[in-house]
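What you see below is based on every heavy atom in this structure, not just the backbone, and it leaves out hydrogens, waters and symmetry mates. Order of appearance sets the numbers: ligands from 1, and atoms from 1 within every ligand.
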Amino acid sequence: MQRLSGKNALITGGNSGIGLATAKLFLEHGARLAITGRDAASLEQARIALGGNVLAVRSDAGKLSDIEQLMKQAEGHFGKLDVLFVNAGIAQAAPFEYVTEDAFDEMVAVNIKGIYFTIQKALPLLSAGASVIVTTSITNQMGSPNFSVYGACKAAQRSLVRSLGLELIARGIRINAISPGPISTPMYGRVGLPNEVEEMVKAEIQGKSPIKRFGEPEEVAKAALFLASDDSSYIVGDEIVVDGGISLL
Ligand SMILES: NC(=O)c1ccc[n+]([C@@H]2O[C@H](COP(=O)([O-])OP(=O)(O)OC[C@H]3O[C@@H](n4cnc5c(N)ncnc54)[C@H](OP(=O)(O)O)[C@@H]3O)[C@@H](O)[C@H]2O)c1
């Protein structure tokens with residue numbers, strides 16, 4: 001059964017990892033789709049991999065002018081949006097005393113300001129009954145040494161989902177979150193760790209995980225599909241944890 005038949009969906013950060021896996025699943029379920037990313041080459045690769053019939057918009061989630069431009073394009077293309085997956089995010093690892101103002105500002109710009117204004121600027125396009133989904137992280141409920149700014153941003157996202165959940169349901173718009181644990185995506189290669197440290201961190205996480213493996217982006221995509229579809233019609237301001245049990249430890 002196609003669970004998003006006739007729905008228009010926008011996925012930020014749809015050119016990689018969780019966003020790309022979700023884009024594939026949403027298409028399989030009949031959605032009309034737009035994706036964003038910053039990197040023009042991987043955005044074009046994703047557009048082609050998704051079969052070409054996808055609006056791919058280069059847009060920096062940390063820049064208000066880009067967000068406004070993105071929504072103009074989405075409005076021109078779709079008219080209305082039924083699903084908004086606010087998924088673009090960045091993580092940079094550093095011990096507390098080495099976190100720079102630039103790194104702090106960049107993470108806050110993309111992970112807090114970016115998601116806030118993506119939802120606000122999309123609001124005029126969102127249909128009654130629309131579903132908004134934010135990719136948070138289990139770092140929003142755990143202490144995360146060397147990821148203090150990222151964890152704080154993800155906790156802020158969780159708070160926003162609660163507050164906006166209450167504000168937007170008055171218009172029939174549901175907002176919920178997906179909280180991934182360790183998922184095999186390019187993100188681990190982007191946090192700024194040397195290769196050998198990255199491999200050590202991954203092995204440590206895998207050993208500690210109750211399920212003894214990383215999750216696949218497709219496993220997160222299935223939770224996104226549930227929240228995007230009418231199957232989750234009574235779920236508001238909540239968060240689905242997709243982490244193999246690691247946050248229970
Ligand atoms: N992987 C995990 O273990 C994990 C765990 C918990 C939460 N998450 C969250 O899951 C989400 C997706 O991450 P992922 O794991 O799929 O990693 P990923 O493969 O690195 O994907 C990140 C996506 O965000 C986009 N992005 C980053 N900064 C952006 C910006 N300023 N403007 C527009 N797009 C931007 C990237 O686009 P470009 O490539 O074009 O920059 C990319 O599409 C993030 O919010 C992340 O925090 C991931």
Check your understanding: Which of the atoms in ligand 1, numbered in the order shown and given with their element, are less than 4.0 Å from a heavy-atom of Ser59?
Key -> 32 (N), 33 (C)

Check your understanding: Cut-off 3.5 Å, side chains only: do Asn15 and Ser42 have a donor facing an acceptor?
Key -> yes

Exercise for review: Please write down residue, atom name and distance for the protein heavy atom closest to atom 6 (C) of ligand 1.
Suggested key: Pro180 O, 3.3 Å

Point to revise | Atoms of ligand 1, numbered as shown, that sit under 4.0 Å from any heavy atom of Asp39 | key: 40 (O)

Check your understanding: Are Ile115 and Tyr150 joined in one hydrophobic group, where the rule is that I, L, V, M, F, W and Y side chains link up if heavy atoms are under 4.5 Å apart?
Key -> no

Exercise for review: Name the closest protein heavy atom to atom 7 (C) of ligand 1, giving the residue it belongs to and the distance to 0.1 Å.
Suggested key: Thr136 O, 3.2 Å

Check your understanding: If you take all heavy atoms of Ala23 and Ile35, which pair is closest and at what distance?
Key -> CB-CG2, 4.1 Å

Exercise for review: Look only at interatomic distance and state if Gly181 has a nitrogen or oxygen under 3.5 Å from any nitrogen or oxygen of ligand 1.
Suggested key: yes

Practice item. Quick one: look at Thr185 and ligand 1, take heavy-atom pairs under 4.0 Å, and tell me if it's side chain, backbone, both or neither. Key: side chain

Check your understanding: At what distance is the nearest protein heavy atom to atom 8 (N) of ligand 1, and which residue and atom is it?
Key -> Tyr150 OH, 3.6 Å

Check your understanding: Minimum heavy-atom separation for Gly114 to Ile67, with atom names?
Key -> O-CD1, 3.8 Å

Point to revise | Contacting atoms of ligand 1, where contact means under 4.0 angstrom from a heavy atom of Ile18 | key: 10 (O), 15 (O), 16 (O), 48 (C)

Exercise for review: May I ask you to identify the nearest protein heavy atom to atom 29 (C) of ligand 1, giving residue, atom name and distance to one decimal place in Å?
Suggested key: Arg38 NE, 3.4 Å

Point to revise | Close side-chain approach of Leu33 and Ile11, heavy atoms under 4.5 Å | key: yes

Check your understanding: Which bit of Pro182 gets closer than 4.0 Å to ligand 1, counting heavy atoms only: side chain, backbone, both or neither?
Key -> backbone

Revision key, fill the gap. shortest atom 12 (C) of ligand 1-to-protein heavy-atom contact is with Asn87 OD1, 3.4 Å

Point to revise | Salt-bridge present (Asp230, Lys7; N to O < 4.0 Å) | key: yes

Check your understanding: Quick one: does ligand 1 sit under 4.0 Å from the side chain of Val110, the backbone, both or neither, non-hydrogen atoms only?
Key -> side chain

Review point. Are the side chain of Asp243 and the backbone of Gly181 linked by a donor-acceptor contact shorter than 3.5 Å?
Key: no

Practice item. Would you mind listing which atoms of ligand 1 come within a distance below 4.0 Å of any non-hydrogen atom of Arg190? Key: 18 (P), 20 (O), 21 (O), 22 (C), 36 (C), 39 (O), 42 (C)

Practice item. Using a 4.5 Å cut-off on heavy atoms from C-beta on, say whether the side chain of Leu43 contacts that of Thr36. Key: no

Review point. Under 4.0 angstrom from ligand 1, any heavy atom of Pro186?
Key: yes

Practice item. Considering only non-hydrogen protein atoms, determine which one is nearest to atom 4 (C) of ligand 1 and report residue, atom name and distance to 0.1 Å. Key: Met187 CE, 3.7 Å

Check your understanding: Considering residues, nucleotides and ligands other than Lys72, do more than 12 of their heavy atoms fall under 6.0 Å from its NZ?
Key -> no

Point to revise | Phe214 and Tyr188 aromatic ring geometry - parallel, tilted or perpendicular at 30°/60° bounds | key: perpendicular

Review point. Is Gly37 in polar range of ligand 1, meaning some N or O pair under 3.5 Å apart?
Key: no

Exercise for review: Distance to 0.1 Å, residue and atom name: give those for the protein heavy atom nearest to atom 10 (O) of ligand 1.
Suggested key: Thr135 CG2, 3.2 Å

Exercise for review: Would you name the heavy atoms of Gly237 and Arg162 that are closest together and state the gap between them?
Suggested key: O-CG, 4.1 Å

Point to revise | Numbered atoms of ligand 1 (with element) below 4.0 Å of Ile90, judged on heavy atoms | key: 27 (C), 28 (N)

Check your understanding: Is it true that Lys154 lies under 4.0 Å from ligand 1, counting heavy atoms only?
Key -> yes

Check your understanding: Considering only heavy atoms of Ile183, which atoms of ligand 1 have at least one such atom less than 4.0 Å away?
Key -> 1 (N), 2 (C), 3 (O)

Practice item. With heavy atoms of Gly13 as the reference, note each atom of ligand 1 found under 4.0 Å away. Key: 23 (C), 24 (O), 25 (C), 43 (O)

Review point. Which residue holds the protein heavy atom closest to atom 35 (C) of ligand 1, what is that atom called, and what is the gap in Å?
Key: Ala88 CB, 3.6 Å

Check your understanding: Side chains of Glu239 and Thr136: is there a donor and an acceptor less than 3.5 Å apart?
Key -> yes

Point to revise | Sub-4.0 Å atoms of ligand 1 with respect to non-hydrogen atoms of Asp60 | key: 30 (C), 31 (N), 32 (N)

Check your understanding: Does an N or O from Ala61, backbone or side chain, lie closer than 3.5 Å to an N or O of ligand 1?
Key -> yes

Check your understanding: Does any non-hydrogen side-chain atom of Asp82 lie less than 4.5 Å from one of Asn8?
Key -> yes

Review point. Quick one: does Phe78's side chain get under 4.5 Å of Arg32's, heavy atoms only?
Key: yes

Review point. Asn15 near ligand 1, heavy-atom distance under 4.0 Å?
Key: yes

